[in-house]
Every structure is written in C-alpha cells, then in structure tokens.
Number of protein chains: 2
Amino acid sequence: MNFTSENRFEFEDPRQVGAWWNYLYNDHTHVTIGPGAEGSSILRDPVIQQWNRPFRRLYLLDRDRGEVWCPAWAPMGTRLDRYCCSHGPADTRLEGELHGIRSTFRLFVPHTAAGEVWTWSLRHDSATPRHLEALLLFGLDNKNFMGWHCGWDNTRKALVKYAFPHHASYEEYDQLKARPTDTFLMPSIPPDSWAGRLGDVMKGACEGEAPLGFTTRGLSCDTVSNGDPVAAFQWSVTLEPGDTWRVDGINSMVQKDEPLTGFVPMIGTPESVDSELRKCERAVDLSESKLVLHSPDDALNRDVNRWMKKQITWQTRLWRNGISYPLRNILQDAAGYALYEPEEALVPLRQVTAMQKSSGYLKMWVTRDGETANHPLVKKVHDDGGIWLAICCAMGIHANGNSGLLDDIIPYADSGDATWLEHLAQALRFYDHELGSHGLVLMRDGDWTDPINGPGRGGKGESGWASMALAYACDQVAELAERKTDPALVAELRARADAHRRAVDTHLWCGDHYAYGFDDDGNRFGERRIFLNTQTWALLSGCGNAERQNACLSAIHALGTPFGPRLVAPPFPDWDPQVGRLSIKVPGFGENGSVYCHGAAFAAAALARAGDADGARQLVEQIRPSNPAHPPSASKQIPIWQPNAWFGDLEAPDAGHSTEALATGTTTWLMLTVVEELAGFQVRCDGIHLQETTLPDEWEDVQLERVVKGVRLCLKRLRDGSMELNGTPVSPGILSFESLTGG
Amino acid sequence: MNFTSENRFEFEDPRQVGAWWNYLYNDHTHVTIGPGAEGSSILRDPVIQQWNRPFRRLYLLDRDRGEVWCPAWAPMGTRLDRYCCSHGPADTRLEGELHGIRSTFRLFVPHTAAGEVWTWSLRHDSATPRHLEALLLFGLDNKNFMGWHCGWDNTRKALVKYAFPHHASYEEYDQLKARPTDTFLMPSIPPDSWAGRLGDVMKGACEGEAPLGFTTRGLSCDTVSNGDPVAAFQWSVTLEPGDTWRVDGINSMVQKDEPLTGFVPMIGTPESVDSELRKCERAVDLSESKLVLHSPDDALNRDVNRWMKKQITWQTRLWRNGISYPLRNILQDAAGYALYEPEEALVPLRQVTAMQKSSGYLKMWVTRDGETANHPLVKKVHDDGGIWLAICCAMGIHANGNSGLLDDIIPYADSGDATWLEHLAQALRFYDHELGSHGLVLMRDGDWTDPINGPGRGGKGESGWASMALAYACDQVAELAERKTDPALVAELRARADAHRRAVDTHLWCGDHYAYGFDDDGNRFGERRIFLNTQTWALLSGCGNAERQNACLSAIHALGTPFGPRLVAPPFPDWDPQVGRLSIKVPGFGENGSVYCHGAAFAAAALARAGDADGARQLVEQIRPSNPAHPPSASKQIPIWQPNAWFGDLEAPDAGHSTEALATGTTTWLMLTVVEELAGFQVRCDGIHLQETTLPDEWEDVQLERVVKGVRLCLKRLRDGSMELNGTPVSPGILSFESLTGG
C-alpha cells in the first residue's frame, strides 16, 4: 500500500481489517466505498435520506470457462490475479484481473448534481474473443413502509424504485410529496436484462455463492414490489482481442415521475463522464492550490494540502450529515475551512450567529430544519455555545482579513439584531449570569466534554475548561475590537479575560496540574487524575505563570501515547457519581481516556502557542492516521481521513485502534497549528502577522502558499529565523494588506 | 420439503427465497433461525434488547484435506453432500455432511430461563481418524455507544461481552444499572482458543471466504474493546472412527458480573441439555393436547394443533415484541389464546381492561412500560379500543365458561373500579358521545384500518366498520349480561346493537355492498370500490336482510384471490385526499389491496356465521401458508407460520408473495372459525353450545378434543348432522357444565 505520485492511496490486497473506505461528496450527496465496492449512498436534501443498502456488487460469468467471479473481490471472495483499490480525493477505482480479463469499476460524485456516477469497463488482450455476462448489482433501501415498486422505466431509460416516505399523519402528505421518491439507476447502455429484487438475482444463494438467477438466459425483467429491492443490470459482452467494453451510469433520487433529462448529458458518452470527473478534480486542485504547504515532511504536505482539507470541507459543507448535532462542531469546522476558503466559511458562521438569542445565549445541541431530533442531548443544557461562537467567528473573520465584517448586521434568533462584533461581545457577556461561587463558568449538563454530566446538573458545579476557553474567547474578540478602535470594548473584554483566568488560577491549581472544576457540592474534581483539556486550554488562554505552564506541558506529556495524548488518565474504572456519564464509558474508549483526536489536536495547538514547536510538530504527526510509528496495520485506519479517536488503553490489544468514525473537529486544530504556528502564516483583520517562530527540530525550512484577498503569497521560513514573502526578505511584524497589493 | 411424521418441517436445499426461518421463544426470549443458522436473539425484559447481530456461523477446518467448509452452508455457500434444515415447534436442527463428516447444529430456547441453548455435534464413520478444527462464531450487538469489552471470563467460564446501555441523562444511571450489561456465551467445553472481535477472526476476509484468523494455531484469545464484537470459539477435534464429538452452550444476558451458576446445570451434560429440550417439547405437547382437531384435512390439523397455536401463544405472551403497539393486537391474540389456554388468557385481558378510563375510553396505541415510544400513531386518536375490549374480553370470558368472572372488580386507569361486566358495558356506552351526524361511530385518525386517516381527521367523519363492530360487541356483551340475569342491561345493549345496525343500514348500503363510511364533509366513501371489512362485519354483526347479506357474500367473493380476499379492490392507484394515507401505499401492498390476512380471516369467520361452511373452509385453507394451491415456491413463505399479508396485485410477478412479517391477528380468527364454526365446539358462560352446523363439502366428519374446565371432551360431528360427545350421541342445544362433570 502506498500513496502514488498523484497523491492517491492504493493497496493491492482487499483483505484489510478496519476502516479502508473512501468517502466522496458534493454539497448534496455523501457516498462511501470500500475495497469490495460496498458503501452507503446518501442524499442530504431536503432531509437526509440513504437511498441504498450499502452494497454494490460486480459479477462476471465467463462463458468460455463456465465460471462466475467477482472482479471487485467481494462478496464471493474471488482470488484474483491482480487487485488494486485506488482511493483518490474525488473517486475510487477498483481494478480486478483474472484469466486475462481486466475489470475497472470507478465511482465518483459529480461536481454539483446530486448522485453517484459509476463506470465499469472490461478489457482483455488475449488472442481469442472472450464471451462474458456482466452483472452489476446495487442494493437499494428496503425500509419502505408504504410499499415500493422497482422496474425498468422505458421512458426514463433507467431502473427506478418508487417508495413514498413513511409517515403517520395525514397533514404530512403535502410536505412529503415534495420529497424524492424515485431512486433511479441509469446506465449509459440499456441492459440486456435486469431485476428489481434481490431474490430474483440470488434465488436463495448466499453471499459466498454465485447468484443463481444470473445465467446466460439473463435476469427476470420483472417489475416487483415485494422482497428486498435492488437494481441489477446484466449485459452480454463479447470482447475481441484488445477490445474495451465500458458502461457508465448515474444513481440518485428524484421526485415521482420527474424526468431525468438533466442527468442524461452527464453520462451521454464516456468522454462526458470523464469530463465530469475532471471538473471534480479541478475543484480539488483549486481548493488545494489555495493553501499549499511545502515542508520537509511529505506526509504532512500530503495531508494538509489534500486529505485534511477534503475532510474539513466535507464537515463544513455537509454538516457531517448530522440530524441533531452540537453547534460547536459546525463552528469549528467552519473556522478550519476559513483557512483556505475564507469567504465560503462565512456562510455557516453567519448562519449560526443568527441562531444566537439577544441574551447572548446560543443553544448548543440543535436539530436540522425539517428533521426529527435524533439525539437525547438536544434536551440538555450546554453552556459553551457562546464561547465557540466567539472563538470560531473570530477565526473566520480574521482569515478574511476584513474588519468590515464586524459591522455586518445579523439578526438575533428571538428579536432585534446587532453587528457581528456586538453578537460576539454579547455571547461573552452572557456568562456574567453563568458563573458559580468560584467565579467559574457553570458546568450545567456538560461542556465540550458532553458526558461530564455529573458535576453541574444541580446548577452549581463549575467548569474549568469553559472558564479557560471563555478567557481565550474574550481575548480573541478583544483583538477584533481593537481593529474597530473601540477601546471601551477592548478594555471590557480584556478585563473579562483576566477575571476568568484569575478565577481559574485561584481555584483550580493542584500543585502540578489544573483540576477540571467543581461539582454542585463545591468539591473540586480532576485532582487525582489529569484531564487534558484543562492543561491545554490553560496554555491556550494564558492561565498561570511560567512555572505552572511548564507543569501543564509536563502533564500533557504524561498523558502521551505513540498516537497522541489521552483525554484523561488514568481513566475511570467504573461509575463515578461525581463525574457522571463519562465514567461509565469503557476505559480507553471515547472521553474516558481514549486519544480523542479533537482534544489531542487542542494539545498540538497549545504546545505551539507555548513555544514548543517541535513538540507541536510531533503531536501533529502522532495524531494523524499517516503517523509512520502507527501505521494502518496497527491503527486499522486508512491514512486518508482522520478518525474521531484512537483507543487509549495502552495495555489492551486494541491500543491505538481507530474508532472508524469520520466526523471530528481534529482537522481544524491540526491545520491551524500547521498553518498559523509551525509555518507561522497568520492572517488577521489588520494584515499578515509575521511572528518570530522557531521551526521544529527536523525542519530546515518551510514554505506555505496561501491566497490572501485574491493574492497568492508564499511565505518561506528558514531555521535561522529569516523569512521571505514571494521571494522577498521580510521582517517580523504586521504586513498590511495594502502593502501586498501595492507590491 | 415436507412435514415429517413428528410434524416438523424439513427441507434439503438451503437455497430458498423468502421467509424460511423458524422462531423459538419462551416468556423472556425470542429467537429466530434460518437455513444458514442466521437469526436474531432478543431478550424482552426489562426492555426489549437484541443481544446479537443476526448471524451464527459454523466452520470446519479439515486438517486432513486442508480445506475450510461451512457445515451449515452459509456464508461460504459450501456445496454439501447432504444438508437438512429441520424446524420443529421448539427447536431447529441444521445438518450438513461433507466427505464423511456429519455435523448437526441445534438451537432451542429453554423452558423458562432467558437465553438460547445450542448443541453442535460432529461424527464420522470412515475408517481412519479425522482431524478437525471447529469454529463457532456468534455475531454480537455492536451498537455500544458507551464502549464495550469482550473476552473469556475464567471465573464464569464463558465468553462475556460487557456494554452499558446508551443514555444521555445522569438521572438514568440508577435505573439503567439494573439492566443486563453482560452478554455471555457459555460452552460446555472450554474452547481451545477464542476471539471477541470479528476482525480477529476474519482478518479482512469477506463472507464468501474462509476466516483468515482461523488456522491450526487457533484464535487470538485477546480481550478486546474496538471493532465489531463477536463470540468465536475454536476446538481441536480428533474423531476416531465412529466417534461423536459434541459441545453444548447457552447464550444470554445477565447483569454486570452476575454469576452464571444458575445456567451451569442446564448445560452440565448432554443429557441435561436434551432433558431441557424435552421439557420444552412436553410443554408443546401439553398445549397441543388441550385442543386437538381431527378433520379430514391433515394440513389443517397440523396447523390448528401445532403451528397456529405456537404463533398465537407467542403473540399473546410476548406481545409480538412490540414497543409501541395497538391494544387491539394483544386483545385479539389473547382471545385466540383463550381457545386452548382460557385461564392464562385472562391475564392480558384483565391487564388491558385496567387500562380503560372510567369514561369507557381505551386508548388504542400504547407504549410498553419502561420503553420509549417508537411509533408515531401513539400520538393519534383511534376509537376502536372499547370495541375490541368488549369483543375480546367476551370471547375470553366465554372460553372460561365462567360467568363469575363478570363480577371481578377491576380498576379503571384514572379513578375508581367496576366489575368486569360494567367495564365492558362502559366501553360500549362511551360511543354515545362518539357518533357522527349519521349515527355512525366517529372515524377520528383511523379505525382497525389505521391508515384510513383522511375521512375523520376533522372530527366528523364516520366509520361503517366501527359501527358494525360496535353492534357486534354490544351483542356479545349482551349475551354475557344474560348470564348475569341483568335484563335491564341486556335490553340496553340489544337496543344499542340495533341502533348501530340501523344507522349502518340506513346510510351505507350502496345497492350491492356496504360503503365504508362518511368523511368530514358528509361525503360517503367506499362506494366505487369495495372494502372487505364492511362486508364481513356486516355479516358478523347481522346488518341487512338476507338479500343484502347475499350481496355481501358476493362482494367478498369478488375480492377473492387464490390466497384469500383482498382488503379493498380496486386498490387506490394514487393519493386520494378523502381516504388519506392508505391510498398512497403501493397498490397490492398492505391495506391498499393486499390479502391482509387478518382481514381475510374476518371473512372466513363471516362466511361461517353466514352459514357458508364450505366457503369458510376454503378461505381458511387459502389464507394459510400451507395452502396447497399456493405452495412455498409461489408464496415465498415457509408453511409453519402465518405472515401478515400476501401481496395483492394479481397482475404482478409478486402476486401472493409473503410480507415475511410474523405478527398478525389472523391466527385468532382462523382458529375461532375452525373451532367454533367448522367443528362447532362453542364454550360459553352457560355451557357448551352445540349448534346445528353444516360440515364443509369435503368433510365426512370432524372431531375436536377440547379441555373444558379440566375435562377433556371430544366432540364428533358427522355429515348427517349427528353429534357425539366422548362417544355419546348428543343433540343440538346447550350442555351445562354440571352435566359434563356429572357424566
């Protein structure tokens, strides 16, 4: 397995344990595909709707040899002469060869249209003609409580499954009828035969067997309504020596009887399909070109320039496919997105700002419009909404280098409106009424660490993390206020930051680390075990003196593993009524002592801010799935996307195993650390901040290209501290935007 | 495929399309098993909890031949020298033979303990020793949001997966900690090696392949917490010629660290396991002996004596595994159960009666205690609660032959209490305030036909079916009141029945059938298409004159198919705003024109009551999965349980296909028709009612054994109308219970 020169990830053995799938998407579609072509196909509008059951199967009946085999290996598990899975940023290709027949199956999501586009091609180079039957089988959603029918639609030239959405109330009909009901699978070449139900294809064969309905007589061609829906296409293929046979197609959903004419041109010819893929690839190239790292670390360059961006873009634009979710996710995703798509990132940041109430309160857990809540935390009170609103909007506004954004008028969710800056200030003032007896932010039902739901449920417990993060947020917004030359606001916010830090330092220091907070009875917790977040955010927010900060660094190191620091250690062995739900999670799992990558990425940022560039670089490497000391064979994770966590019990055989969950705030904080700290390229409202930074030990130099206000800039830093911008030596300080466009 | 002389169902080709699985249960456990050993394992207390992912896999590594095969065929799809799946009432046996190795896997649910018990035995008769590795792999639930761990517990001598229930609120902990967390799989012989995670067994192999972790070196023996949990056991087996190797085991759930000592004796020896199965079989025999049909129709005898009872008992005692469900289900199930377990049936009937409010209202859709509602209809208003309460309690009380039950004091759900008879009368009086402008029962959000939610949502639409069923209910309760010699109540109820019939006859007759009802605007519906239920219940409730009743019979025949009458014809082709949700179901599916077996079974009862014994017999035959004119190859349904519906579009290739759904009220009404109408053995509060009945054309005679008040009675009827009870000629009329015990 390896990355190719085109930065695709390829492997030649499909038999892998863990998360070996790619994900493909546009603003309307989310698709996954693994080594056997399996994976989900999901539309996100108007509501999240999975149109498939997650299998796509390819079978070939070799008439000359009288055998059936799977060119994409599964589910029969065919031993192939050659197999290759190639995951790219915009497509996946599965190649399989047996007895001289070469098959390639390719899947991608089109540039803008909702759906997935596939290509299956067959080729052989032997001396005699080959006679094949090709069978392509897509699983279709089978939760159709209102019934369904599936068959070939000769008008639309597609296999179409119709199913009306499940519902109970009469009143829902009018709204529901506007939803897509027709799952279509449109091949560029009409099949010689087809089937709409799994039973008609398999005829009772199990997954390890050849489908009994797949014979030289073809499939049943019945429009059906009972059983498990599929789309199965069969083509008879004769390959003359050197011939290539190819079929393309698109799968998606439309409304009842809606014409597919808009989709036809995309798969009209092989060239039109390939051209659509090139559009996607050009979009990838464009995105990659906006922020380009050239460090001595090839894996880091690969991740920053391609794979981490791919994940941040997905998280930001598809809101992680969430139905109910905490706003801190979209806020942090957008803040990372702003590093390379600053204007686009403003869209979700503005949307979330408009969800704030005029009191300053931002409810954390929300449900997407038109959906039914699917997470119990929607009913709970989390107080960190305003903190993340302030931090992430500040990041997004800075990345645009545009203090004018602070004057944008944005409504409140309840009544009135305010400038964006006032929104952020109001978010911070909200906490005046949310401080406990030690002056720390109330814990309520949990903070960033959702499952710490014990200490604050009585309304008195306090969160050290939230207080630190609030201090950090106050400073960030104060910096924005400075750009507006609003000294009163600056002073107010700086004073707030100081007050929050003071409360932390007065009440939470335990001698060698910061405790986490206080419970409702005023008992301090996080004394005997170290929580990562109150060490990292102490550093980020500037709590403590140098001695305390060094102790925090030591505490972070003490939490370390070869794949990053754990969120807490030692983990809770059993229920702890003080800390609550977190403690009942299995030790090493989730918030109870895994390397929760999002928290670990805070640590990378914290080390960098504390001046430990080399420590930060090491963490950035450790946490990522491309960590050479923690390869896929050990992590069970393909190195093209960041999982949510690494299992954290170092004594367990699954130490360091991936959770195989795609959605995580990790990537934003890693990207931020690399771009703003290690490469030291900071875009702020008043210009480009060129700090003196120390390069990590292993780096002789680093270059970062970044497009700022439409201008491509390349900042080069050398080990001796010297810098060049687009080849011209520059000194530490602030470079105004005017100086750039003038130059 | 065939039924054996022991009334087991066996087939020798595992490759079947459709529902070919058996279900096994006791009061605490529900298990399914199909031809490849796959199936669900579910505990129902304290909340419904599936402990497995639905696969059980058997692999053998033949060391002498160097090959891996599946003696239960799937998932590798091994071509076996011999295969047999044998489904019994209390167990399933899967036999597979290859190269002289004979494997038998047996699964059953113990008599009373929660769990599933399995036995795997291997035997060979060839001349030389055989060296095998045996691998048994159970999938375990993988929705463990609080983490899990799985490994061999040397204290409990079992493989144990621990996982705490998913929850959000702190307050839930105390309640949840009392729930089972430990899924255990305890073999009678400790395995030579084991694994707790699928990845450790398969090592990336797909389902069609041999598990790559299954080698002569054994499994990994790691206690694990990440990935997909399984329980995998490996034993090295050397079989001398003629040897048998056997391992037994039990799988279930207990609380955290709870000792398994209570389970050990059950699997202590092969004899103790077999003895436990014999307990189950004796319970089956006992249940079967309480009601025994001897008709000229062997398939009917088989179904009535065994398979329909098995289903009714499951439905009644496990409440169909429902979390949210309509009370009409449990009421009707219990009414059928009362035919052979009259006393046991009183338990759920009393429970539901106590859910009635003092106004007489019984909310139809409810949610099981301790569970979260999982059906949107829980929020809707259905008015047929009191109707079913009256009908089904009357059936249950009659079946006990005990009018004293009518004096039982049962509380109301809100306040106060009343005699059981008063509860039933109150249920009927409730409708005084629920009649529309035509004097028919209000339709509200739907009646028995839940998805007719259009006509009554405004509060004015009326249901003809509910009015007929209410008239029927009034007569049934009046008959009970007669036993209490309460002439005022009798007169009141008979008058009510007449009034409801009069309203129906005045407003719903369409010339050749009864319409269904009126919508909120006063428009009649069910005129152009025939709804089955308003024809069948017209007959059951005695609406109309002879002419109208004959027309109803014709209408029922017009709805006929080879597998029973459709619920409506023609089906609605598309959304009909008048009828609502039903109309958007796919034609032929569900309530929109399938042979909805429950409704079809009403028709069998109706024909019998109308004196058409032969028509009733034919329907009883047609509807059942053992219909010889609609064999499993056509129905896709194993003939040991009744599915919910047969697809009803006769033009479709799936005409008559099973929905493959086990839960249905069909069995009660078929059983009632056979026992009380065709065999004419009616137990009532005042004795045994021996009506003059006509035998179906094909029957020369019929005998029915029934245990009444502890006395086994055998009623024999001959074609000439003569009858014998326990060999003594009897005449039409009422036989008092005293005369029986005296005789």
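Reminder, nothing fancy here: chain letters follow the sequence lines and each chain counts from 1. It should be emphasised that the depicted structure is a prediction, and the values quoted were computed from it without experimental measurement.
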Fill in the blank from the handout: d(A/K585 NZ, B/F145 CZ) to nearest 0.5 Å is 10.5 Å
Handout entry: chain A interface, residue from B/H375, B/E591, B/R197, B/Q16 that has the most non-hydrogen pairs under 4.5 Å
Key = B/R197
Practice task
Below 4.5 Å from any heavy atom of chain B, which atoms of A/W20 appear? Answer side chain, backbone, both or neither.
Solution key: neither
Exercise for the section: Could you tell me which non-hydrogen atom of B/G147 sits nearest to which non-hydrogen atom of A/V586, and how far apart they are? Expected result: C-CG2, 3.4 Å
Problem - Between B/Y162, B/F164, B/W73, B/W575, the one whose heavy-atom pairs under 4.5 Å with chain A are most numerous - result: B/W575
Practice task
Please step through side-chain contact (heavy atoms from CB on, under 4.5 Å) for the pair B/R15 and A/M202, ending with a clear verdict.
Solution key: CA-CA 9 Å; B/R15 295 167 190 84; A/M202 300 307 288; over 6 Å; no
Exercise for the section: Keeping the roles fixed (side chain from B/D654, backbone from A/S225), state whether a donor-acceptor pair exists under 3.5 Å. Expected result: yes
Exercise for the section: Search all heavy atoms of B/Q578 against all heavy atoms of A/Y170 and return the closest pair with its distance. Expected result: N-OH, 4.4 Å
Problem - Option in A/Y173, A/F589, A/F647 with maximal non-hydrogen atom pairs under 4.5 Å from chain B - result: A/Y173
Fill in the blank from the handout: When the 4.5 angstrom heavy-atom criterion is applied to A/P577 and chain B, the contacting part is both
Practice task
Measure B/L198 against the heavy atoms of chain A and call it side chain, backbone, both or neither at under 4.5 Å.
Solution key: neither
Exercise for the section: Let me know if A/R457 has heavy atoms under 4.5 Å from chain B in its side chain, its backbone, both or neither. Expected result: side chain
Completion exercise
Residues A/P653 and B/V224: closest non-hydrogen pair is CG-CG1, 3.9 Å
Fill in the blank from the handout: So CZ of B/R581 and CD of A/E172: to nearest 0.5 Å the spacing works out to 9.0 Å
Handout entry: Top contributor to chain A contacts, counting heavy-atom pairs under 4.5 Å, from B/N592, B/T659, B/I584, B/V17
Key = B/I584
Exercise for the section: Can you tell which part of A/S594 gets under 4.5 Å to a heavy atom of chain B, answering side chain, backbone, both or neither? Expected result: neither
Problem - Note, A/M76 side chain near B/M76 side chain (heavy atom, < 4.5 Å) - result: no
Exercise for the section: Name the region of B/N144, side chain, backbone, both or neither, that has any atom closer than 4.5 Å to a heavy atom of chain A. Expected result: backbone
Fill in the blank from the handout: Ranked by heavy-atom pairs below 4.5 Å to chain B, first place among A/K379, A/H657, A/K380, A/E660 goes to A/H657
Handout entry: B/K256 NZ: over 12 foreign heavy atoms closer than 6.0 Å
Key = yes
Exercise for the section: Taking the side chain as every heavy atom from C-beta outward, state whether A/P376 and B/H167 have any atom pair closer than 4.5 Å. Expected result: no
Handout entry: Contacting moiety of A/S220, where chain B heavy atoms sit under 4.5 Å
Key = neither
Problem - Option that, when pairs with chain A are counted at under 4.5 Å, heavy atom only, ranks first among B/G227, B/S658, B/G588 - result: B/S658
Handout entry: Under 4.5 Å from a heavy atom of chain B, the part of A/D228 involved
Key = neither
Exercise for the section: List the atom of B/A168, the atom of A/L377, and the distance in Å for their closest heavy-atom pair. Expected result: CB-CD2, 4.0 Å
Practice task
Can you measure from CG (A/N226) to CG (B/D649) and round to the nearest 0.5 angstrom?
Solution key: 11.0 Å
Fill in the blank from the handout: Residue from B/G446, B/G18, B/A210, B/P75 scoring the most non-hydrogen pairs under 4.5 Å with chain A is B/P75
Exercise for the section: Measure distances from B/D574 to the heavy atoms of chain A and classify the residue's part below 4.5 Å as side chain, backbone, both or neither. Expected result: side chain
Exercise for the section: Determine the option with the most heavy-atom pairs under 4.5 angstrom with chain A, choosing from B/G208, B/A163, B/G204, B/P14. Expected result: B/G204
Practice task
Answer with side chain, backbone, both or neither: which region of B/T78 has an atom nearer than 4.5 Å to a non-hydrogen atom of chain A?
Solution key: neither
Fill in the blank from the handout: Most contact-rich option vs chain B, by heavy-atom pairs under 4.5 angstrom, among A/C206, A/P35, A/G77, is A/C206
Handout entry: Residue A/K177 versus chain B: region with a heavy atom under 4.5 Å
Key = neither
Handout entry: chain B contact via A/A74 - side chain, backbone, both or neither, heavy atoms under 4.5 Å
Key = both
Handout entry: Residue among A/G590, A/G454, A/G36, A/A652 with most heavy-atom pairs under 4.5 Å to chain B
Key = A/G454
